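Here's the structure we're looking at; comments come further down.
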Protein chains: 2
Amino acid sequence: MPSMARMQVEADARSVPGTRQQRGRERRAAVLEAARRLFSSQGFKGASLAAIAHEAGITDAGLLYHFPTKNDLLLAVIAEGDREQDEALEKVRDVQGLPLLQRMAEFGADLEADPILTALDVTLSAENLSGGSEINAYFVGRYDRFRAMLAQAFEEARRAGDLAGDFDPAVEAANMTAVLDGLRLQWLLSDGAVSMAGGMRAYVTGVIARLSPKP
Amino acid sequence: MPSMARMQVEADARSVPGTRQQRGRERRAAVLEAARRLFSSQGFKGASLAAIAHEAGITDAGLLYHFPTKNDLLLAVIAEGDREQDEALEKVRDVQGLPLLQRMAEFGADLEADPILTALDVTLSAENLSGGSEINAYFVGRYDRFRAMLAQAFEEARRAGDLAGDFDPAVEAANMTAVLDGLRLQWLLSDGAVSMAGGMRAYVTGVIARLSPKP
DNA sequence: AGTATTTCCTAGCGAGCACTAGGAATCTTC
DNA sequence: GAAGATTCCTAGTGCTCGCTAGGAAATACT
(Lines give C-alpha, C1' and ligand atoms only; values in the text may rest on other atoms or scores of the structure.)
Protein backbone atom coordinates (compact mmCIF):
# COMPACT_ATOMS: atom_id res chain seq x y z
CA MET A 1 0.00 0.00 0.00
CA PRO A 2 2.64 2.59 0.81
CA SER A 3 4.42 1.67 -2.39
CA MET A 4 1.24 2.26 -4.36
CA ALA A 5 0.84 5.65 -2.75
CA ARG A 6 4.35 6.46 -3.82
CA MET A 7 3.65 5.50 -7.37
CA GLN A 8 0.51 7.59 -7.51
CA VAL A 9 2.33 10.78 -6.60
CA GLU A 10 5.32 9.95 -8.75
CA ALA A 11 4.38 12.69 -11.20
CA ASP A 12 4.61 15.30 -8.46
CA ALA A 13 6.87 18.24 -9.17
CA ARG A 14 9.26 17.37 -6.40
CA SER A 15 9.99 13.82 -7.40
CA VAL A 16 10.80 14.21 -11.06
CA PRO A 17 14.12 12.54 -11.79
CA GLY A 18 17.38 11.78 -10.08
CA THR A 19 18.49 11.95 -6.52
CA ARG A 20 17.49 14.46 -3.90
CA GLN A 21 20.63 16.58 -4.10
CA GLN A 22 20.55 16.56 -7.89
CA ARG A 23 17.07 18.05 -7.89
CA GLY A 24 18.23 20.59 -5.36
CA ARG A 25 21.08 21.76 -7.55
CA GLU A 26 18.86 21.88 -10.61
CA ARG A 27 16.24 23.96 -8.84
CA ARG A 28 18.93 26.26 -7.57
CA ALA A 29 20.24 26.71 -11.09
CA ALA A 30 16.73 27.29 -12.42
CA VAL A 31 16.18 29.98 -9.80
CA LEU A 32 19.48 31.63 -10.69
CA GLU A 33 18.61 31.67 -14.37
CA ALA A 34 15.13 33.08 -13.75
CA ALA A 35 16.59 35.69 -11.42
CA ARG A 36 19.14 36.75 -14.01
CA ARG A 37 16.41 37.12 -16.60
CA LEU A 38 14.07 39.13 -14.41
CA PHE A 39 16.76 41.25 -12.77
CA SER A 40 18.10 42.12 -16.19
CA SER A 41 14.73 43.13 -17.59
CA GLN A 42 13.10 44.69 -14.54
CA GLY A 43 15.98 45.60 -12.26
CA PHE A 44 16.58 44.44 -8.71
CA LYS A 45 13.77 46.40 -7.15
CA GLY A 46 11.43 45.76 -10.05
CA ALA A 47 11.64 41.97 -9.93
CA SER A 48 9.78 40.36 -7.04
CA LEU A 49 10.78 37.12 -5.38
CA ALA A 50 7.36 35.71 -6.19
CA ALA A 51 7.81 36.43 -9.91
CA ILE A 52 11.29 34.89 -9.97
CA ALA A 53 10.10 31.84 -8.05
CA HIS A 54 7.16 31.43 -10.41
CA GLU A 55 9.49 31.46 -13.42
CA ALA A 56 11.61 28.81 -11.72
CA GLY A 57 8.57 26.66 -10.98
CA ILE A 58 8.43 27.02 -7.19
CA THR A 59 6.97 29.39 -4.61
CA ASP A 60 8.71 32.34 -3.04
CA ALA A 61 9.11 30.48 0.25
CA GLY A 62 10.66 27.60 -1.64
CA LEU A 63 13.09 30.00 -3.27
CA LEU A 64 14.12 31.39 0.10
CA TYR A 65 15.27 27.94 1.14
CA HIS A 66 18.02 28.12 -1.49
CA PHE A 67 18.79 31.84 -1.04
CA PRO A 68 17.92 33.12 2.43
CA THR A 69 17.39 36.75 1.36
CA LYS A 70 16.74 38.59 -1.88
CA ASN A 71 20.12 40.27 -1.59
CA ASP A 72 21.83 36.90 -1.32
CA LEU A 73 20.11 35.91 -4.55
CA LEU A 74 21.37 39.06 -6.24
CA LEU A 75 24.92 38.44 -5.05
CA ALA A 76 24.76 34.89 -6.38
CA VAL A 77 23.50 36.14 -9.76
CA ILE A 78 26.32 38.68 -9.92
CA ALA A 79 28.94 36.15 -8.84
CA GLU A 80 27.82 33.78 -11.58
CA GLY A 81 27.92 36.50 -14.24
CA ASP A 82 31.32 37.62 -13.00
CA ARG A 83 32.64 34.08 -13.29
CA GLU A 84 31.42 33.82 -16.89
CA GLN A 85 33.00 37.14 -17.82
CA ASP A 86 36.26 36.11 -16.20
CA GLU A 87 36.27 33.02 -18.38
CA ALA A 88 35.74 35.20 -21.45
CA LEU A 89 38.61 37.43 -20.36
CA GLU A 90 40.99 34.55 -19.85
CA LYS A 91 40.89 33.86 -23.55
CA VAL A 92 42.53 37.27 -23.93
CA ARG A 93 44.91 37.17 -21.01
CA ASP A 94 47.63 35.20 -22.70
CA VAL A 95 48.44 38.02 -25.07
CA GLN A 96 49.64 41.52 -24.26
CA GLY A 97 50.28 44.83 -25.91
CA LEU A 98 48.91 45.40 -29.39
CA PRO A 99 47.56 41.85 -29.89
CA LEU A 100 45.39 42.28 -26.79
CA LEU A 101 44.00 45.52 -28.16
CA GLN A 102 43.29 43.82 -31.46
CA ARG A 103 41.39 41.06 -29.72
CA MET A 104 39.21 43.63 -28.01
CA ALA A 105 37.61 44.11 -31.42
CA GLU A 106 35.86 40.78 -30.93
CA PHE A 107 34.52 41.70 -27.53
CA GLY A 108 31.49 43.39 -29.06
CA ALA A 109 30.55 40.20 -30.87
CA ASP A 110 31.01 38.25 -27.63
CA LEU A 111 28.60 40.50 -25.77
CA GLU A 112 26.01 40.22 -28.55
CA ALA A 113 25.97 36.47 -27.93
CA ASP A 114 24.48 36.95 -24.45
CA PRO A 115 21.93 39.77 -24.44
CA ILE A 116 20.58 38.86 -21.01
CA LEU A 117 23.93 39.05 -19.28
CA THR A 118 24.67 42.28 -21.13
CA ALA A 119 21.38 43.84 -20.08
CA LEU A 120 21.94 42.64 -16.52
CA ASP A 121 25.23 44.50 -16.40
CA VAL A 122 23.68 47.71 -17.70
CA THR A 123 20.69 47.54 -15.38
CA LEU A 124 22.59 46.67 -12.21
CA SER A 125 25.42 49.16 -12.76
CA ALA A 126 22.92 51.96 -13.34
CA GLU A 127 20.96 50.89 -10.28
CA ASN A 128 24.10 51.17 -8.13
CA LEU A 129 25.76 54.39 -9.30
CA SER A 130 26.01 55.97 -5.89
CA GLY A 131 28.44 54.62 -3.38
CA GLY A 132 28.16 52.52 -0.30
CA SER A 133 26.59 49.29 -1.44
CA GLU A 134 28.50 46.10 -1.99
CA ILE A 135 27.36 46.02 -5.60
CA ASN A 136 28.59 49.53 -6.27
CA ALA A 137 32.03 48.56 -4.96
CA TYR A 138 32.01 45.54 -7.24
CA PHE A 139 31.34 47.62 -10.35
CA VAL A 140 33.85 50.30 -9.40
CA GLY A 141 36.51 47.63 -8.93
CA ARG A 142 35.65 45.84 -12.14
CA TYR A 143 35.93 49.03 -14.21
CA ASP A 144 39.20 49.88 -12.52
CA ARG A 145 40.70 46.50 -13.37
CA PHE A 146 39.43 46.58 -16.92
CA ARG A 147 40.84 50.03 -17.57
CA ALA A 148 44.14 49.07 -15.94
CA MET A 149 44.41 46.05 -18.23
CA LEU A 150 43.83 48.17 -21.33
CA ALA A 151 46.12 50.98 -20.17
CA GLN A 152 48.90 48.46 -19.63
CA ALA A 153 48.33 47.07 -23.12
CA PHE A 154 48.60 50.56 -24.60
CA GLU A 155 51.83 51.20 -22.71
CA GLU A 156 53.35 47.93 -23.79
CA ALA A 157 52.35 48.52 -27.39
CA ARG A 158 54.14 51.85 -27.32
CA ARG A 159 57.20 50.35 -25.63
CA ALA A 160 57.29 47.64 -28.30
CA GLY A 161 57.11 50.26 -31.04
CA ASP A 162 53.72 49.05 -32.30
CA LEU A 163 52.07 52.35 -31.38
CA ALA A 164 53.55 55.82 -31.40
CA GLY A 165 52.61 59.37 -30.59
CA ASP A 166 51.93 61.27 -27.39
CA PHE A 167 48.66 59.55 -26.49
CA ASP A 168 47.69 58.99 -22.85
CA PRO A 169 47.25 55.26 -22.13
CA ALA A 170 44.77 55.98 -19.31
CA VAL A 171 42.59 58.12 -21.57
CA GLU A 172 42.74 55.61 -24.41
CA ALA A 173 41.81 52.81 -22.00
CA ALA A 174 38.83 54.74 -20.63
CA ASN A 175 37.68 55.63 -24.14
CA MET A 176 37.86 52.06 -25.41
CA THR A 177 35.91 50.92 -22.36
CA ALA A 178 33.43 53.69 -23.03
CA VAL A 179 32.82 52.59 -26.61
CA LEU A 180 32.12 49.07 -25.42
CA ASP A 181 29.66 50.29 -22.79
CA GLY A 182 28.05 52.92 -24.95
CA LEU A 183 27.50 50.57 -27.86
CA ARG A 184 26.04 48.08 -25.40
CA LEU A 185 23.42 50.61 -24.37
CA GLN A 186 22.59 51.67 -27.92
CA TRP A 187 22.41 48.06 -29.03
CA LEU A 188 19.88 47.28 -26.31
CA LEU A 189 17.94 50.46 -27.08
CA SER A 190 17.83 50.26 -30.87
CA ASP A 191 16.32 46.88 -31.79
CA GLY A 192 19.51 45.85 -33.53
CA ALA A 193 19.95 49.01 -35.59
CA VAL A 194 23.32 49.48 -33.88
CA SER A 195 25.78 46.60 -34.11
CA MET A 196 28.20 46.20 -31.24
CA ALA A 197 30.47 43.95 -33.23
CA GLY A 198 30.74 46.34 -36.17
CA GLY A 199 31.19 49.44 -34.04
CA MET A 200 33.82 47.88 -31.85
CA ARG A 201 35.84 46.55 -34.79
CA ALA A 202 35.73 49.96 -36.47
CA TYR A 203 36.86 51.65 -33.28
CA VAL A 204 39.80 49.32 -32.62
CA THR A 205 41.10 49.45 -36.17
CA GLY A 206 40.62 53.22 -36.09
CA VAL A 207 42.67 53.64 -32.94
CA ILE A 208 45.45 51.44 -34.26
CA ALA A 209 45.46 53.28 -37.58
CA ARG A 210 45.70 56.63 -35.84
CA LEU A 211 48.48 55.62 -33.44
CA SER A 212 50.50 53.47 -35.81
CA PRO A 213 54.06 54.76 -36.19
CA LYS A 214 54.50 56.67 -39.41
CA PRO A 215 57.24 55.16 -41.57
CA MET B 1 -9.01 89.06 16.59
CA PRO B 2 -8.99 87.39 13.21
CA SER B 3 -6.16 89.59 12.12
CA MET B 4 -4.19 88.65 15.20
CA ALA B 5 -4.83 84.99 14.49
CA ARG B 6 -3.48 85.54 11.03
CA MET B 7 -0.35 87.11 12.35
CA GLN B 8 0.22 84.29 14.79
CA VAL B 9 0.25 81.66 12.10
CA GLU B 10 2.24 83.79 9.73
CA ALA B 11 5.26 81.56 10.19
CA ASP B 12 3.31 78.54 8.99
CA ALA B 13 4.82 76.63 6.07
CA ARG B 14 1.92 77.41 3.78
CA SER B 15 1.88 81.15 4.10
CA VAL B 16 5.51 82.00 3.54
CA PRO B 17 5.72 84.74 0.93
CA GLY B 18 3.97 85.97 -2.17
CA THR B 19 0.65 85.21 -3.72
CA ARG B 20 -1.20 81.93 -3.77
CA GLN B 21 -0.32 80.97 -7.32
CA GLN B 22 3.30 81.94 -6.81
CA ARG B 23 3.60 79.53 -3.90
CA GLY B 24 1.92 76.86 -6.00
CA ARG B 25 4.46 77.21 -8.78
CA GLU B 26 7.34 77.27 -6.33
CA ARG B 27 6.16 74.13 -4.60
CA ARG B 28 5.68 72.44 -7.95
CA ALA B 29 9.22 73.36 -8.91
CA ALA B 30 10.53 72.14 -5.56
CA VAL B 31 8.77 68.82 -6.07
CA LEU B 32 10.22 68.50 -9.56
CA GLU B 33 13.72 69.18 -8.30
CA ALA B 34 13.40 66.72 -5.43
CA ALA B 35 11.98 64.12 -7.79
CA ARG B 36 14.86 64.58 -10.21
CA ARG B 37 17.35 64.14 -7.39
CA LEU B 38 15.75 61.02 -5.95
CA PHE B 39 14.88 59.42 -9.29
CA SER B 40 18.46 59.90 -10.41
CA SER B 41 19.97 58.38 -7.28
CA GLN B 42 17.44 55.66 -6.49
CA GLY B 43 15.61 55.06 -9.74
CA PHE B 44 11.91 55.36 -10.42
CA LYS B 45 10.88 52.32 -8.45
CA GLY B 46 13.38 53.01 -5.70
CA ALA B 47 12.18 56.52 -4.91
CA SER B 48 8.88 56.69 -3.04
CA LEU B 49 6.40 59.52 -3.31
CA ALA B 50 6.64 60.05 0.43
CA ALA B 51 10.42 60.50 0.23
CA ILE B 52 10.16 62.93 -2.68
CA ALA B 53 7.42 64.88 -0.95
CA HIS B 54 9.45 65.04 2.25
CA GLU B 55 12.42 66.49 0.38
CA ALA B 56 10.13 69.07 -1.16
CA GLY B 57 8.69 69.99 2.24
CA ILE B 58 5.17 68.63 1.83
CA THR B 59 3.31 65.35 2.29
CA ASP B 60 2.72 62.71 -0.33
CA ALA B 61 -0.95 63.65 -0.60
CA GLY B 62 0.08 67.26 -1.12
CA LEU B 63 2.43 66.18 -3.88
CA LEU B 64 -0.35 64.30 -5.62
CA TYR B 65 -2.30 67.52 -5.91
CA HIS B 66 0.35 68.86 -8.29
CA PHE B 67 1.03 65.52 -10.07
CA PRO B 68 -1.95 63.16 -9.97
CA THR B 69 0.11 59.97 -10.31
CA LYS B 70 3.72 58.95 -9.82
CA ASN B 71 4.03 58.30 -13.53
CA ASP B 72 2.86 61.83 -14.29
CA LEU B 73 5.60 63.10 -12.02
CA LEU B 74 8.17 61.01 -13.87
CA LEU B 75 6.98 62.30 -17.23
CA ALA B 76 7.22 65.87 -15.97
CA VAL B 77 10.75 65.27 -14.72
CA ILE B 78 11.75 63.79 -18.07
CA ALA B 79 10.09 66.58 -20.02
CA GLU B 80 11.98 69.16 -18.00
CA GLY B 81 15.31 67.40 -18.51
CA ASP B 82 14.57 67.04 -22.20
CA ARG B 83 13.90 70.75 -22.48
CA GLU B 84 17.22 71.59 -20.83
CA GLN B 85 19.12 69.25 -23.11
CA ASP B 86 17.39 70.70 -26.13
CA GLU B 87 18.57 74.13 -25.07
CA ALA B 88 22.12 72.80 -24.78
CA LEU B 89 21.83 71.29 -28.25
CA GLU B 90 20.58 74.50 -29.80
CA LYS B 91 23.93 76.09 -29.08
CA VAL B 92 25.32 73.54 -31.53
CA ARG B 93 22.60 73.52 -34.13
CA ASP B 94 23.73 76.60 -36.00
CA VAL B 95 26.83 74.86 -37.27
CA GLN B 96 27.11 71.80 -39.45
CA GLY B 97 29.69 69.39 -40.75
CA LEU B 98 33.14 69.40 -39.18
CA PRO B 99 32.51 72.41 -36.88
CA LEU B 100 29.61 70.54 -35.30
CA LEU B 101 31.80 67.53 -34.67
CA GLN B 102 34.43 69.77 -33.14
CA ARG B 103 31.91 71.30 -30.78
CA MET B 104 30.94 67.82 -29.60
CA ALA B 105 34.29 67.83 -27.80
CA GLU B 106 32.78 70.26 -25.29
CA PHE B 107 29.76 68.09 -24.63
CA GLY B 108 31.60 66.07 -22.03
CA ALA B 109 32.37 69.20 -20.06
CA ASP B 110 28.74 70.28 -20.37
CA LEU B 111 27.53 67.01 -18.86
CA GLU B 112 30.00 67.27 -16.00
CA ALA B 113 28.33 70.51 -15.04
CA ASP B 114 25.08 68.74 -14.15
CA PRO B 115 25.80 65.40 -12.45
CA ILE B 116 22.21 64.93 -11.33
CA LEU B 117 20.71 65.26 -14.79
CA THR B 118 23.44 63.01 -16.15
CA ALA B 119 22.78 60.32 -13.55
CA LEU B 120 19.05 60.66 -14.18
CA ASP B 121 19.58 59.86 -17.83
CA VAL B 122 21.71 56.82 -17.08
CA THR B 123 19.33 55.48 -14.45
CA LEU B 124 16.14 55.97 -16.41
CA SER B 125 17.47 54.67 -19.71
CA ALA B 126 18.76 51.52 -18.01
CA GLU B 127 15.46 51.11 -16.20
CA ASN B 128 13.61 51.19 -19.52
CA LEU B 129 15.70 49.04 -21.82
CA SER B 130 12.92 46.73 -22.88
CA GLY B 131 10.22 48.03 -25.12
CA GLY B 132 6.65 49.03 -24.68
CA SER B 133 6.74 51.84 -22.17
CA GLU B 134 6.40 55.49 -23.07
CA ILE B 135 9.80 56.20 -21.54
CA ASN B 136 11.50 53.51 -23.58
CA ALA B 137 10.08 55.03 -26.76
CA TYR B 138 11.40 58.42 -25.67
CA PHE B 139 14.94 57.16 -25.22
CA VAL B 140 14.90 55.16 -28.46
CA GLY B 141 13.77 58.25 -30.33
CA ARG B 142 16.30 60.50 -28.66
CA TYR B 143 19.21 58.22 -29.53
CA ASP B 144 17.95 57.94 -33.09
CA ARG B 145 17.83 61.69 -33.53
CA PHE B 146 21.22 62.21 -31.89
CA ARG B 147 22.89 59.61 -34.11
CA ALA B 148 21.17 61.02 -37.18
CA MET B 149 22.48 64.49 -36.38
CA LEU B 150 26.04 63.21 -36.01
CA ALA B 151 25.84 60.99 -39.10
CA GLN B 152 24.69 63.96 -41.15
CA ALA B 153 27.60 66.01 -39.82
CA PHE B 154 30.05 63.28 -40.84
CA GLU B 155 28.53 63.11 -44.32
CA GLU B 156 28.67 66.86 -44.77
CA ALA B 157 32.25 66.99 -43.54
CA ARG B 158 33.23 64.45 -46.16
CA ARG B 159 31.28 66.25 -48.88
CA ALA B 160 33.04 69.48 -47.93
CA GLY B 161 36.41 67.77 -48.13
CA ASP B 162 37.15 68.22 -44.41
CA LEU B 163 37.16 64.47 -43.85
CA ALA B 164 38.25 61.70 -46.17
CA GLY B 165 38.47 57.93 -46.33
CA ASP B 166 35.94 55.15 -46.56
CA PHE B 167 34.46 55.55 -43.08
CA ASP B 168 30.79 54.79 -42.44
CA PRO B 169 29.00 57.90 -41.11
CA ALA B 170 26.43 55.77 -39.26
CA VAL B 171 29.13 53.77 -37.48
CA GLU B 172 31.11 56.89 -36.62
CA ALA B 173 27.96 58.54 -35.26
CA ALA B 174 27.10 55.54 -33.09
CA ASN B 175 30.67 55.33 -31.80
CA MET B 176 30.86 58.99 -30.89
CA THR B 177 27.54 58.67 -29.07
CA ALA B 178 28.89 55.57 -27.35
CA VAL B 179 31.98 57.37 -26.06
CA LEU B 180 29.78 60.07 -24.59
CA ASP B 181 27.54 57.53 -22.86
CA GLY B 182 30.32 55.22 -21.78
CA LEU B 183 32.40 58.00 -20.29
CA ARG B 184 29.27 59.21 -18.51
CA LEU B 185 28.93 55.85 -16.80
CA GLN B 186 32.60 55.59 -15.87
CA TRP B 187 32.61 59.14 -14.60
CA LEU B 188 29.69 58.40 -12.31
CA LEU B 189 31.28 55.13 -11.20
CA SER B 190 34.83 56.29 -10.59
CA ASP B 191 34.67 59.20 -8.13
CA GLY B 192 36.15 61.54 -10.70
CA ALA B 193 39.05 59.32 -11.72
CA VAL B 194 37.69 59.40 -15.28
CA SER B 195 37.16 62.83 -16.83
CA MET B 196 34.39 63.13 -19.36
CA ALA B 197 35.72 66.39 -20.70
CA GLY B 198 39.23 65.06 -21.27
CA GLY B 199 38.13 61.78 -22.78
CA MET B 200 35.66 63.39 -25.13
CA ARG B 201 38.14 65.99 -26.36
CA ALA B 202 40.74 63.29 -26.97
CA TYR B 203 38.23 61.20 -28.88
CA VAL B 204 37.01 64.01 -31.14
CA THR B 205 40.49 65.23 -32.02
CA GLY B 206 41.51 61.62 -32.58
CA VAL B 207 38.68 60.97 -35.01
CA ILE B 208 39.41 64.15 -36.92
CA ALA B 209 43.12 63.37 -37.04
CA ARG B 210 42.44 59.89 -38.35
CA LEU B 211 39.95 60.98 -41.03
CA SER B 212 41.66 64.18 -42.12
CA PRO B 213 42.53 64.15 -45.82
CA LYS B 214 46.21 63.39 -46.38
CA PRO B 215 47.90 66.15 -48.37
C1' DA C 1 11.57 -0.56 9.41
C1' DG C 2 12.58 3.59 11.63
C1' DT C 3 14.97 7.86 11.83
C1' DA C 4 17.14 11.89 9.86
C1' DT C 5 17.83 15.10 6.13
C1' DT C 6 16.68 17.65 2.24
C1' DT C 7 13.40 20.16 -0.22
C1' DC C 8 9.38 22.75 -0.75
C1' DC C 9 4.61 24.39 0.59
C1' DT C 10 0.66 26.77 3.16
C1' DA C 11 -0.36 30.49 5.85
C1' DG C 12 0.44 34.65 7.62
C1' DC C 13 2.98 38.96 9.51
C1' DG C 14 4.37 43.67 9.45
C1' DA C 15 5.93 47.22 6.67
C1' DG C 16 5.76 50.16 2.79
C1' DC C 17 3.65 51.39 -1.37
C1' DA C 18 0.60 54.47 -4.59
C1' DC C 19 -3.44 56.54 -4.23
C1' DT C 20 -8.28 58.42 -2.31
C1' DA C 21 -11.78 60.96 0.52
C1' DG C 22 -12.82 64.71 2.70
C1' DG C 23 -11.84 68.70 5.05
C1' DA C 24 -9.14 72.82 6.77
C1' DA C 25 -6.54 76.86 5.96
C1' DT C 26 -5.29 80.52 2.99
C1' DC C 27 -5.85 83.80 -0.64
C1' DT C 28 -8.65 86.21 -4.33
C1' DT C 29 -12.73 88.38 -5.87
C1' DC C 30 -16.81 90.63 -5.46
C1' DG D 1 -17.21 90.47 4.64
C1' DA D 2 -19.23 86.61 1.97
C1' DA D 3 -18.25 83.26 -1.74
C1' DG D 4 -15.24 80.74 -4.40
C1' DA D 5 -10.78 78.93 -5.72
C1' DT D 6 -6.26 77.16 -4.55
C1' DT D 7 -3.21 74.59 -1.85
C1' DC D 8 -2.14 71.19 1.34
C1' DC D 9 -3.11 67.88 5.29
C1' DT D 10 -5.07 63.97 8.15
C1' DA D 11 -6.62 59.58 7.84
C1' DG D 12 -7.26 55.60 5.71
C1' DT D 13 -7.71 51.80 1.80
C1' DG D 14 -6.16 47.93 -0.56
C1' DC D 15 -2.24 45.97 -2.42
C1' DT D 16 2.37 44.00 -2.76
C1' DC D 17 6.55 43.24 -0.76
C1' DG D 18 10.33 40.43 1.67
C1' DC D 19 10.42 37.25 4.98
C1' DT D 20 9.05 33.73 8.90
C1' DA D 21 6.88 29.64 11.21
C1' DG D 22 5.80 25.27 11.00
C1' DG D 23 4.75 21.30 8.71
C1' DA D 24 4.47 17.76 4.88
C1' DA D 25 6.48 14.83 1.47
C1' DA D 26 10.22 12.57 -0.56
C1' DT D 27 14.70 10.53 -0.15
C1' DA D 28 18.87 8.76 2.32
C1' DC D 29 20.92 6.45 6.26
C1' DT D 30 21.28 2.82 9.83
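Owing to the predicted nature of the structure, the values given are computational and were not obtained by experimental measurement. Chain letters run A, B, ... following the sequence lines, proteins first and then strands; every chain starts at 1.
B:Asp72 has its CG atom 14 Å from the P atom of C:dA18, to the nearest Å. To the nearest angstrom, C1' of D:dT7 lies 6 Å from NE2 of B:His66. A straight line from CZ of B:Phe67 to C1' of D:dC8 spans 14 Å, rounded to a whole angstrom. C:dC17 atom P lies 15 Å from atom CG of B:Leu73, rounded to whole Å. Straight-line distance from the CZ atom of A:Arg25 to the P atom of C:dT5: 19 Å, rounded to whole Å.
Remark: B:Glu127 engages no residue in a side-chain hydrogen bond (donor to acceptor under 3.5 Å, both in side chains) (not counting sequence neighbours). A search for salt bridge (charged side-chain N to carboxylate O under 4.0 Å, His left out) contacts involving A:Asp121 returns A:Arg142, A:Arg184, not counting sequence neighbours. Applying the side-chain hydrogen bond (donor to acceptor under 3.5 Å, both in side chains) rule to A:Asp114 yields no partners; only residues at least two apart in sequence or on another chain are considered. Taking A:Arg201 as the reference, A:Glu106 meet the salt bridge (charged side-chain N to carboxylate O under 4.0 Å, His left out) condition, with sequence neighbours excluded. Checked against side-chain hydrogen bond (donor to acceptor under 3.5 Å, both in side chains), B:Glu112 has no partners two or more places apart in sequence or in another chain.
Of the listed nucleotides (C:dC19, D:dC8, D:dA21), C:dC19 has the atom at the smallest distance from the side chain of B:Lys70. You'll find that the side chain of A:Tyr65 is closest to C:dT6, out of C:dT6, C:dT10, D:dC9. Each of C:dC19, D:dT10, C:dT10 was ranked by its minimum atom distance to the side chain of A:Thr59; first place goes to C:dT10. Side-chain proximity of A:Leu64 to the nucleotides C:dA21, D:dC19, C:dC9 is greatest for D:dC19.
Atom CG of A:Asp86 is surrounded by more than 12 heavy atoms from other residues, nucleotides or ligands within 6.0 Å. No more than 12 heavy atoms of other residues, nucleotides or ligands shown are found within 6.0 angstrom of CD on B:Glu134.
Proximity of residues 36-54 of chain A to DNA chain C (heavy atom under 4.0 angstrom from any strand atom) is not detected for any residue.
For the pair A:Arg27 and C:dT7, the criterion of a side-chain N or O lying under 4.0 Å from OP1 or OP2 is not met.
Between the side chain of A:Asp60 and the base of D:dC17 there is no donor-acceptor pair of N/O atoms closer than 3.5 Å.
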